[in-house]
A.B. asks: 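Take a look at this one; I'll ask things after.
Start at 1 and go down the list; that is how both ligands and their atoms are numbered.
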Amino acid sequence: MIEIKNLSKIYATTGQQVLALDDVSLTVKKGEIFGIIGLSGAGKSTLIRCINMLEKPTRGSIAVDGREITSLGMGELRLARQKIGMIFQQFNLLSSRTVFDNVMFPLEIAKVPRAEATKRVQELLELVGLTDKAGMHPGQLSGGQKQRVGIARALANGPKLLLSDEATSALDPQTTRSILKLLKDINRQLNLTILLITHDMNVIKEVCDRVAVISNSRIVETGDVLDVFSSP
Ligand code: ADP
Ligand code: ADP
């Protein structure tokens, strides 16, 4: 589903160069939940932003679902991005819109006809267990409920790939478990590939099939979660 080869990213925005990714190669298979773990500053966000085409790699290639994405034009880029869902630590919901309209938002951008979009939003809210919260605003929801809205919104355009950027890092342990359970259910039900980044080993152990450890801009280990984190 994702094939990354010899990916490097150098930030040069401040005049001084920062090597954020150093020759990273990685394969994420269809249908798996793949975790990338590392300390703050290791390069996790940069990697996920390159996959989501928000950042242009300095070197290397990224293929998503068999298609090279590092050389797409603007129009192709927008379409390709619609096929990748993303969830965030701070949820990134629109506070002035209801739950329903937050999930509707990507469907509006994709110009999906209103009736079809309405049906789709209703299905998504049912999937994440928020049907009764459709008319509420994000400010009226708990953290876990906000992330459920984020997940429904991320799934709106039927992505094949979901990227999660520290999606449970702002939640308490119990809520974290319920969100991870939801992600696992969705992974199985929709055969959705999930790539998540986290600094929390418990997240990896709870939901991931495979894991890569990133340290100082490099992947230092990759394997099945049970092998990488087995007790001595
Ligand atoms: P992580 O997500 O693991 O915390 P990041 O990918 O955010 O790591 O950061 C990796 C390195 O790149 C850090 O040294 C960070 O300071 C640097 N960095 C991230 N974004 C930028 C940017 N826009 N400009 C310059 N340096 C950046
Ligand atoms: P929090 O703990 O922050 O309230 P949760 O993520 O644990 O948030 O749950 C949000 C709401 O969704 C809760 O009211 C919970 O009962 C409900 N809920 C959780 N999972 C499901 C599900 N699979 N189907 C329907 N409702 C659910």
A.B. asks: Are there protein heavy-atom neighbours of atom 27 (C) of ligand 1 below 4.0 Å?
C.D. replies: yes

A.B. asks: Under 4.0 Å between a side-chain nitrogen and a carboxylate oxygen: does that hold for Lys30 and Asp65?
C.D. replies: yes

A.B. asks: In terms of residue, atom name and distance, what is the protein heavy atom nearest to atom 25 (C) of ligand 1?
C.D. replies: Tyr11 CB, 3.3 Å

A.B. asks: How far apart are the C-alpha atoms of Leu107 and Val121, what are their side-chain angles, what is the distance that settles it, and do they pass the side chain to side chain contact (heavy atoms under 4.5 Å, CB included) test?
C.D. replies: CA-CA 9 Å; Leu107 295 165; Val121 173; 3.8 Å; yes

A.B. asks: Between CG of Leu163 and CZ of Phe34, what distance do you get to the nearest 0.5 Å?
C.D. replies: 13.0 Å

A.B. asks: Would you say atom 16 (O) of ligand 1 has a protein heavy atom nearer than 4.0 Å?
C.D. replies: no

A.B. asks: Taking 4.0 angstrom as the limit and counting only heavy atoms of Leu39, give me the atoms of ligand 1 inside it, by number and element.
C.D. replies: 3 (O)

A.B. asks: Can you sort out which atoms of ligand 1 are near Ser40, meaning under 4.0 Å from one of its heavy atoms?
C.D. replies: 4 (O)

A.B. asks: Give the atom numbers and elements of ligand 1 that come within less than 4.0 Å of a heavy atom of Thr13.
C.D. replies: 24 (N), 25 (C)

A.B. asks: Could you walk me through whether Leu161 and Lys83 pass the side chain to side chain contact (heavy atoms under 4.5 Å, CB included) check?
C.D. replies: CA-CA 7 Å; Leu161 174 65; Lys83 287 290 154 199; over 6 Å; no

A.B. asks: Any chain of hydrophobic side-chain contacts (each under 4.5 Å) joining Leu125 to Leu182?
C.D. replies: yes

A.B. asks: How many angstroms lie between CD1 in Ile33 and CZ in Arg210, if you round to the nearest 0.5 Å?
C.D. replies: 12.5 Å

A.B. asks: Just jot down the ligand 1 atoms closer than 4.0 angstrom to any heavy atom of Lys44, in number order.
C.D. replies: 1 (P), 2 (O), 3 (O), 4 (O), 6 (O), 8 (O)

A.B. asks: Specify the protein heavy atom at minimum distance from atom 6 (O) of ligand 1: its residue, its atom name, and the distance to 0.1 Å.
C.D. replies: Thr46 OG1, 2.6 Å

A.B. asks: Does Gly43 have a non-hydrogen atom less than 4.0 Å from ligand 1?
C.D. replies: yes

A.B. asks: What protein heavy atom sits nearest atom 12 (O) of ligand 1, and how far off is it?
C.D. replies: Ala20 CB, 3.4 Å

A.B. asks: Students should be able to answer this: which protein heavy-atom is nearest to atom 13 (C) of ligand 1, and at what distance?
C.D. replies: Gly41 O, 3.8 Å

A.B. asks: Looking only at distances, can you tell me whether any N or O atom of Val18, backbone or side chain, sits closer than 3.5 Å to an N or O atom of ligand 1?
C.D. replies: no

A.B. asks: In terms of residue, atom name and distance, what is the protein heavy atom nearest to atom 7 (O) of ligand 1?
C.D. replies: Ser45 CB, 3.7 Å

